[in-house]
Structures are given as structure tokens and as C-alpha cells.
Amino acid sequence: MLRKILFHTIGFGLILGGWFICVINVGLDRGATPFKFFSIPNMIGLVLILIGAYFPEIAIRLFVKKEN
């Protein structure tokens with residue numbers, strides 16, 4: 001039970017980290033010309049969001065024993 005909570009917390013942290021990177025990058029690039037929506041930091045943020053979304057399920061299947 002404690003491991004499941006830990007895995008979900010890590011996944012939530014990855015999602016928040018990816019979102020933060022994307023928002024900060026867009027905010028800093030707002031005045032730049034030309035504006036690129038698909039930049040390297042935005043792709044890194046998107047990958048972090050996707051990893052955070054699927055991490056808890058994969059980690060639970062790999063590291064938590066089934067409860068009878």
C-alpha cells in the first residue's frame with residue numbers, strides 16, 4: 001500500500017515537473033521571434049508528462065506483489 005502511494009506521488013511529481021517546464025518555456029519564449037511551439041524544452045516537458053502518467057501503473061505491476 002505504501003509503495004503504491006509512493007509510485008503515484010513520483011508520477012504526480014513527474015507530471016507537475018513536465019507541466020512546469022512547458023509553462024516556463026512558453027512564458028520565456030513569448031517575446032522571442034520567431035515563436036516555436038515545438039521546441040526542445042517543450043518536448044522534454046511532454047515526455048516527462050507522459051512518463052509520469054504511465055509510471056505508477058508500470059511500477060506497481062513490476063514491484064508490488066499481488067494482495068490475496
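A quick note: this is a predicted structure, and the numbers were derived from the prediction, not measured. Heavy-atom basis, side chains included; hydrogens, waters and symmetry copies ignored.
With values rounded to the nearest 0.5 angstrom, L16 atom CG is found 9.0 Å from I49 atom CD1. Between atom CD1 of residue I44 and atom CG of residue L48 there is a gap of 7.5 Å, rounded to the nearest 0.5 Å. Between the CG atom in L6 and the CD1 atom in I60 there is a gap of 10.0 Å [rounded to 0.5 Å]. Atoms CG and CH2, from L46 and W19 in turn, are 15.0 Å apart once rounded to the nearest 0.5 Å. We find the NE2-CD1 distance between H8 and I10 to be 11.0 Å, quoted to the nearest 0.5 Å. Of the inter-residue distances, the one linking I21 atom CD1 with I40 atom CD1 reads 12.5 Å to the nearest 0.5 angstrom.
Across G52 and P56, no two heavy atoms sit closer than the pair O-CD, 3.3 Å.
Counting heavy-atom neighbours within 6.0 Å of L2 CG, excluding the residue itself, gives a total of 12 or less.
L50 and F12 fall into different hydrophobic clusters, where Ile, Leu, Val, Met, Phe, Trp and Tyr side chains are chained together by heavy-atom contacts under 4.5 Å. A single hydrophobic cluster is seen to contain both I58 and V47, as judged by linkage of ILVMFWY side chains at heavy-atom distances under 4.5 Å, directly or through other members.
Pairs of residues two or more places apart, or lying in two chains, that qualify as salt bridge (charged side-chain N to carboxylate O under 4.0 Å, His left out) and include a residue from residues 50-60 are E57-R61.
Using a 30° and 60° split on the angle between ring planes, F55 and F7 fall in the perpendicular class, above 60°.
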